[in-house]
**Student:** 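Sharing a structure, written as C-alpha cells. Questions coming.
Labels below follow one simple rule: chain letters A, B, ... track the order of the sequence lines, proteins then strands, and each chain is numbered from 1. These numbers come from a predicted model, not from an experiment.
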Amino acid sequence: MSAHLLCITSNAGLPVFTRKKGSTESLPFSIMGSLNGVHMYAKSQRVKLLNSLMDDHCVAWKEFHDSVILIGISSGCTIQVLNKLLDSTFNAMVLTVGIEKIKTQRNTERLKRDLRMSYSLIDRLMESLDYGVATNKYSSDIISMTETILCSENHLLQVALEAYTECVDSEYSCILIHGKIAVATESWWSLHADEIKLLSYLATVDNMTSSKDVPVFLPYRCPNVAYRFVACMLIPHVQVCCLCGPTPLIKDIEYSASQCFKSALEVIETALRCHPRNLPNSIQLESGVLGILLINTKFGKYVVSRSPSTSSSKHTSNVSHRLDLLRTFFYRAVLSLINCEAEENKPEAEKTKKPDKVNKQLSKKDILTVCKETYWCSEYYKCHALISECNILCVLYTASIPTHTARLITSESLRILTTDKQLCW
Amino acid sequence: MQRNKISSNPAYSCDNWSDSNCSSCSDSESSIPEWESCVNPSGELLFIECDPVVSYSSNRLDAENNDFSTKNELRHSTRTKFLKILRRRDSKRRSKRTVKNSDLISTQDTTKVKFQDNEDGEIREVTVKINQERKASGKEASIEHLLGITVSTLSDGNRVMVAGFAPDAEAAKQKSIKIGDWLKCIDDFEISFHNLNEVLQQFTTKNQVVLKLQRVAGVDVTKNPPINELSNQSNFVHELLNVNSEDDLSLSEMLCEYPIGIVYINTDNLSESGPEFEGIVYGYPHPYEKNWLCNCRGVFITLNHLLHDLTHSSVHTSSMLCNNKLTHIGYKRFGSKLFLLMLPDNCANIKEICLIRDELLRMLEFMFQSIDHCFEAGEFRNQLDHFFARFFVRVLAGDWHKMNQKDTLLNLNDSNECSVFKFESVLPVAAHLPLPEEAQLQIDDALTELEASDYREWNEDPLDCRRLFTIIGSALYHSGHLLSSHFVHGDLIDVHMFCRQQGLFHLSRTEPVRSLVLWREVYPVSCNPGVPSEVNFIPEGRRYLLVVGSGKDLLAVIMEAGGCTEPAEDNMGPDAFYVEEVQATLAHLQDIGISNLASRWINENFGSHVIAPEFPIKRKTDFLSNISFVKSNLSSSPKDIGTQVQKKPEITSILKRRSSDHGPLFSSSLASLVDDNVEIQSEDSSSQGGYSDKGDVSDEPVLGRRAIREKKNMECYDDESDIEDYRDGSQSNSSYDLSELRQALLVDMADKRPDRLTFGNENVLYHYVQLDEKEGILLCPSDAQVYSTALDIILNSFRKCAQGIHDIFQNTLRLKEMLAQDVTKWVFNKSLVAVKEYGTLFECSLADDANKKYDKLTFWVIGRLYYIPHPREVYVCYQDSIPQNIVEISFKLGTMTA
C-alpha cells in the first residue's frame, strides 16, 4: 500500500523531487537511478518505455517536453489512473513555476527550490490513487476531476458570485465550501479539468491566512504568463476564489468580497451545513443506497455523498470505506469504458472525411457501440453505474437489493439530481 | 482450394492405393505404412496427406466418410515380435468394426469407386427444386446447398460429376440422379468445374432448375488424386511440413521490421564489457542486430531485477512505443533466466499477451520437457525457428494465413483498423462440443476400448512379450472442437495448446485432410517431474503423443513407454501397429457417424442456442421508452407501478415481474437495507430477472446431473453384457450393426431441438461462454454460420468486456486463496474483494443517417463467477429486451456439459 513519485531531469538525470504516500520507506538513490536509467537506455534505442505491470503494482514513466521525467510506482491502482496522476503532477509543477523554467532548467537547484511550493499540491494529488484502505482521509478524491458540493442555496450563491466577479474585473471565479466547488462562473468551468482541480486544491492547502494571493501559470490556458490566484475566506471553510491580472490590489478584492457577500452570509451558513453529506437534505434517495458518486465528464466535476439516506447514517463505522468502494468501482469499471469511447470516436472522425464506396453490407465503422450501464455484485455490496451522455451516476447499494431494482433506483436518482435547478449541477 | 489435377501416374492413384491395401492384408509383411518415410531420425513424424478436392464441402457427408474404413483393412509391417503375434488375430477385431463396410463402400464411397455402368451415354433431364431454406439462410450459394448435390470432377478435371447427396436433400430422392453422373447443364447452361459457381449464382432466385445429366460408362470416373506433393498441398500444409532453413532465414529478416520477437536470456554473469549479444540463449527473429527485443533486452533484464526487488512480485508486462507503435512485452522468469515475448498492441493487448506467453511456454514445456532444455539444446533450433516464424506471421496477420508467409507479410495492412479482441481463443481451455448422450457414449466406449489396449481377444495363446505402450489418455476433436477427452485435465490443456499452436486444428477445419499422423515425444504436465503435480508417483518412462487425423476429425493419444511396458528406446519412432490401432478407432468413430453428427451439430447450430443480432426497426412506442416512462414514476409507491403495468400489457418483463414477484421483496429489502450489509443473503444473483435464488447453490444440481449421467453410463455398461463378449471375440458382435447405429444417432438428433437458455418467447442470446479453467473446458457456441457485421461488433465488445471481467474474477479468486495468509501483507485493492458478478449494458447505434429507420440495439454482457466445486466462470451476451437471470442461464449451461 504505497506510492512513490519521482521527478528527474531528462538530460542530467538529476532528481528534482520525490514524493511518497503510505507506509513505506523512501526509495534508495540507486533504485531511482536505475528506474531513470532504463528509460534513458530505451530512449537511446529509439524506444519509449511507458509502463510495467506486476501482480498488484504498476510503474509508469512519462517524459514531458524532453526536460523532465516523472516516474510513478503504486500498488493497488490501475495503470490508467497512475498515468493520469503523472499528467496532473506535471500540471501542478507548471502551475507553480511556469513551463519555461521547467523547459530551460538553467539552474536545477533553483528549480528544485521553486518546485517546493508544489509539494503540497502533489501530495494531495496522490490521494487520488485508490488502495482500498479504509483509513484514507481523502478517499473522495478522484483523479483529474474536481469535487463539488450540491447545496439547495447554490442558485442564490451564483447570483452573488456574478456580482463579485464583475467587481474584481475578472471572468474566472468560484465559491469553495470545504474545498469543494459550490458554484463557479461559466468561464471557470471553461478551464481545463486539471486546472480547476489544481486551483481548488491550491485554495485549501496550507491555509494559514484569511486570504491568499499567489501567481499561477495555467498549464493549458497560458503556461507562460502568470495569473494571480486570489482566494478570500468569507467564513471559515468557505472561500471565494478568482483569477485576475495585476490589478486590482488584494485589499480591493477583499473589500469587494465582503461587500458582495455581506447580504448572502446567512445563505452561505446554511449552505455550509450541507457539508459532510454534500447533498441538500431535501433530496432523499432510496434507503438501500449507501453512497453515490455523480460525475460530469464534460466539466470534469463530481459530487460524492457517502450516506445520502439519513436512515442509514447510524452506521458510520465504514462510511469512508464506502467511498473507497465507489472510487475503485469507478476507476476499474467505468473509467475504462468512457476512455475507450473517446478512442473509438477518433477513427470515426477520420472516416467521415472520405465517404466509403457504397457498400450493402454494414461496415464496422458504421456501428457505434457505447456503454450505458455497468454493475458489480460483490458478496458484501453492489455497485451500479448509469452513463447518460456526459453524466455518470455510480451508486453503492447493499448486497440485498436486486440488480434490476438497483437499475431503477439509479436512473431515478440521476434524474432527480440532474434536473434540480437549485443545485446548479 | 486447389485445382484438380489428374495424376499421370495411375500407380499412385487412390484406387490403386486402396486396392493394394486390401491385398496387402493377406501378405501383410511386405507393405510399409505410407508415412514411414517421413519419420525423422529423432523419431518424430508429421505426415499430412490432403485430398485435392476441388470443392471441399464444408460438411463431409455420409458418402465421403469411408476413407478410413478401407484403410482399416490394412495391417502391415511391424518391428516387434509382439505385433507379429497379434497380427494373427487382429482380423477378428477388425471384423467387428467393419462388418458393414463392404456394402457401404460399394454404394456410397465416392472417391474410390469405379463406375462401370453399361447404359452408355444416356442423357436424362431432371427437374430439381432449389432448397429455399438454404437460400434464405444467407449462406453462400453452393451446389450442395441449393440442389443438395455434392460434386466432384470427372477424370478430365473439368467435367462435373455427381459425387453424393446432402442428407435429406430432394435430389437424393430422384431416382434418375445417380452418383457418378456427368452433370452437363443446368437450365441449358453448360457447366464445367470452372464456371459452376458463377452459373449457380444465377439460379439462386429461381425455385427449380432442370439438370441435364449423362451417364458415363466404362470410364474411370473417379478423379485420381495426384500424388504429386506440391500440387495437393496448400501453402499452409506445405509450411507445416517443410522446414526450409533458407526460406526461414529470409522470412526472419522480414520479420525483423516488425516490433515482435522472442528471447531467452541467461542473466547470470552478465558483464558490461562482454560480447554484444552475451547471455542470449535463444532469440527470434534473426539476426540479433536487427531484432528490437535483443537490442533493448538490457531494459527488461534490469526492470525484471529492479521491480522484483522493489515490490517483491514478478513483472508481468511492460509497454513501450516502438516507432510510435504501442508494443507490449511479456516476461517470465525461470530462476536466473528470463523469457521475453514482444508483440504489438494491435495483435495482442496486455491481457492477451500474458495468455499467449503462457500458452507458448506451456507448449514448449510439453514438447521439450523444460524451457531450459528447449532453448539451450542446439538441436531444436531449426524447429523452433520454423515454429516461431509461423507463429509471428500468424499473429501479425491476425489469423492463420492463406497465402504463403512472405506474401502474407507483404500484404499486411499496417493501418490495422480497430483492434480485434480475443477471449475464448487465447484462454488455456478446449472448446467442448457436447454431443447427444448416445453419441457421447459411443465415443467414450471407443476411446476406452482403445485405451484398454486389451488384445487378448485376438490371441488365445498367452503373449510372451510385454506391450510397447500404455495409453494414458486420449481425446477426440472435430474441427477443433473437443468431443470427448479421457486425459487428466492438465494433459488435455497441454495437448490442446500443442494442437492449437501447431495449427492442427486449423488444418482439420480448413484443409481436406485425408490422413494425418503426428508422433513425437512429449512431456505432459501430469508426468513431468519438473512440474509439481498432484500425483506423487510418476512411473519412469517416456511419453509420446500420437495424433491421427482424417477429414475434420483428430484423435490425440498420449502413450507411455517404460513403467509396466517395454522400456523406451532413444529416438523411438511411431509404431505402425499403434498408429493403425488409433486410425482404426478414428475410422470406427467416423463409421458410426460421429463425424457427421458433429458436423451437423456445428452447422445447424444445434445446442448452441444463439441467434444473430438484428437492428430493431424503429417503432413509435418501443420498449425502452416505456421503461423510462415507468421509471420516471418510480418515486411513487410500488403499488402505482403495478397499476401502470396493467395499463400497458405489452410491457411484460421487468415491471410485471417486479410488481408481482418482487413487490414484497422490494419492500422487505427496503426494510432490511437499513441494517447495512451484515446478514444479507446474496440477493444479487437475480441479476436482471429477479429470482431470489442463491448463486452458489446452483452448482450442486449440476453436480447431481453429472453424477446421474455417470451413473447412467455405468448402467449402460452393465446392460451391455456383450462387453464380455468383446473380450472373448465371440460372434455376438455381428449383431453390432454400424449403419443402424449411425441411423440411430442421426434420428436421435432429428427431434433434438436446442433448449433455449433465455426467458421469453424469442431467443435473445447472442453468445455465451462457460469457462472452466480447472478442467480446461470451454463451452461456447460454434462459429457463426452467418456473417453479420453487427454480430462481429457485438462479439468484439463482448470479448473486450469479458477480458476485463475475467481480470476482476481472477482477483477475487486470488483473494480467496490468500485469505488464509497474513492479512497485513496485502497490497492489492481491498475494494475488489469477492466480486462475483459483473455486467455491462452496451448500446449499438448505426452512425449512418440512411439507417434512421433502425433503432438502437442494446445488449448486456454479464459475467458470473462460481466457486463451488471449483471455480467456473460464465459469460453471456444477450439482447436487452427480456430480463434474464444469469444464474438460471448458468444452470442450464451447466446441465449441458454434465
**Student:** For the SG atom of B/Cys294 and the CD atom of A/Gln45, what is their distance to the nearest 0.5 Å?
**Tutor:** 11.0 Å
**Student:** With rounding to the nearest 0.5 angstrom, report the OG to CD distance, A/Ser336 to B/Gln803.
**Tutor:** 11.5 Å
**Student:** Looking at A/Cys383, A/Cys58, A/Ala333, A/Ala42, which makes the most heavy-atom pairs under 4.5 Å with chain B?
**Tutor:** A/Ala333
**Student:** Does a side-chain heavy-atom distance below 4.5 Å link A/Tyr375 with B/Glu837?
**Tutor:** yes
**Student:** Tell me the closest heavy-atom pair linking B/His316 and A/Met54, and the distance in Å.
**Tutor:** CD2-C, 3.4 Å
**Student:** With the side chain counted from C-beta on, respond yes when B/Glu843 and A/Lys372 share a heavy-atom pair under 4.5 Å apart, and no when they do not.
**Tutor:** yes
**Student:** Can you tell me which portion of A/Leu326 sits under 4.5 Å from chain B's heavy atoms? Options are side chain, backbone, both or neither.
**Tutor:** neither
**Student:** Heavy-atom distances under 4.5 Å only: say whether B/Thr311 touches chain A with side chain, backbone, both or neither.
**Tutor:** both
**Student:** Where do B/Asn295 and A/Tyr41 come nearest, in terms of heavy atoms and distance?
**Tutor:** O-OH, 3.2 Å
**Student:** Taking the side chain as every heavy atom from C-beta outward, state whether B/Trp292 and A/Val47 have any atom pair closer than 4.5 Å.
**Tutor:** yes
**Student:** Evaluate the side-chain proximity of A/Asp56 to B/Arg814: yes if any heavy-atom separation is below 4.5 Å, no if none is.
**Tutor:** yes
**Student:** Under a 4.5 Å heavy-atom cut-off, does chain A meet the side chain of B/Ile805, its backbone, both or neither?
**Tutor:** neither
**Student:** Chain A heavy atoms under 4.5 Å from B/Ile350: which part of the residue, side chain, backbone, both or neither?
**Tutor:** side chain
**Student:** For A/Arg332 versus B/Tyr838, what's the shortest heavy-atom pair and its separation?
**Tutor:** O-OH, 4.3 Å
**Student:** To the nearest 0.5 angstrom, please state how far the NE2 atom of B/His312 sits from the NE2 atom of A/His57.
**Tutor:** 8.5 Å
**Student:** Can you establish whether the number of heavy atoms outside B/Arg333 located under 6.0 Å from its atom CZ is more than 12?
**Tutor:** yes
**Student:** Passes side chain to side chain contact (heavy atoms under 4.5 Å, CB included), B/Asn796 versus A/Thr369? Steps please.
**Tutor:** CA-CA 10 Å; B/Asn796 207 30; A/Thr369 309; over 6 Å; no
**Student:** Among B/Thr302, B/Leu306, B/Asn323, which residue has the highest count of heavy-atom pairs closer than 4.5 Å to chain A?
**Tutor:** B/Leu306
**Student:** Out of B/Ser797, B/Ser313, B/Gly839, return the one with the most heavy atom pairs under 4.5 angstrom to chain A.
**Tutor:** B/Gly839
**Student:** Chain A heavy atoms under 4.5 Å from B/Leu326: which part of the residue, side chain, backbone, both or neither?
**Tutor:** side chain
**Student:** Can you tell me how far the SG atom of B/Cys322 sits from the CZ atom of A/Arg46, to the nearest 0.5 Å?
**Tutor:** 8.5 Å
**Student:** Picking from A/Leu35, A/Val59, A/Thr374, which has the most non-hydrogen pairs under 4.5 angstrom with chain B?
**Tutor:** A/Thr374
**Student:** Which atoms form the tightest heavy-atom contact between B/Leu841 and A/Arg407, and what is the distance?
**Tutor:** CD2-NH2, 4.0 Å
**Student:** So, taking the atom named CH2 in A/Trp61 and the one named OG in B/Ser319, what distance separates them when rounded to the nearest 0.5 Å?
**Tutor:** 10.0 Å
**Student:** Could you check if a side-chain atom of B/Leu310 sits within less than 4.5 angstrom of a side-chain atom of A/His4, using non-hydrogen atoms only?
**Tutor:** no
**Student:** What are the two closest non-hydrogen atoms of A/Ser52 and B/Tyr331, and how far apart are they?
**Tutor:** OG-OH, 4.3 Å
**Student:** Count the heavy atoms of every other residue, nucleotide or ligand shown that sit under 6.0 Å from NZ of B/Lys351, and state whether that count exceeds 12.
**Tutor:** yes
**Student:** Is there side-chain contact between B/Val315 and A/Leu53, with heavy atoms separated by less than 4.5 Å?
**Tutor:** no
**Student:** Got B/Lys836 and A/Trp376 here, is their nearest side-chain heavy-atom distance under 4.5 Å?
**Tutor:** no
**Student:** State the CG-CG distance between A/Leu50 and B/Leu321, to the nearest 0.5 angstrom.
**Tutor:** 4.5 Å
**Student:** For A/Glu25, I'd like to know if atom CD has over 12 heavy atoms of other residues, nucleotides or ligands within 6.0 Å.
**Tutor:** no
**Student:** Work out which heavy atom in A/Glu379 is nearest to a heavy atom in B/Tyr867; give both atom names and the distance.
**Tutor:** OE2-CE1, 3.2 Å
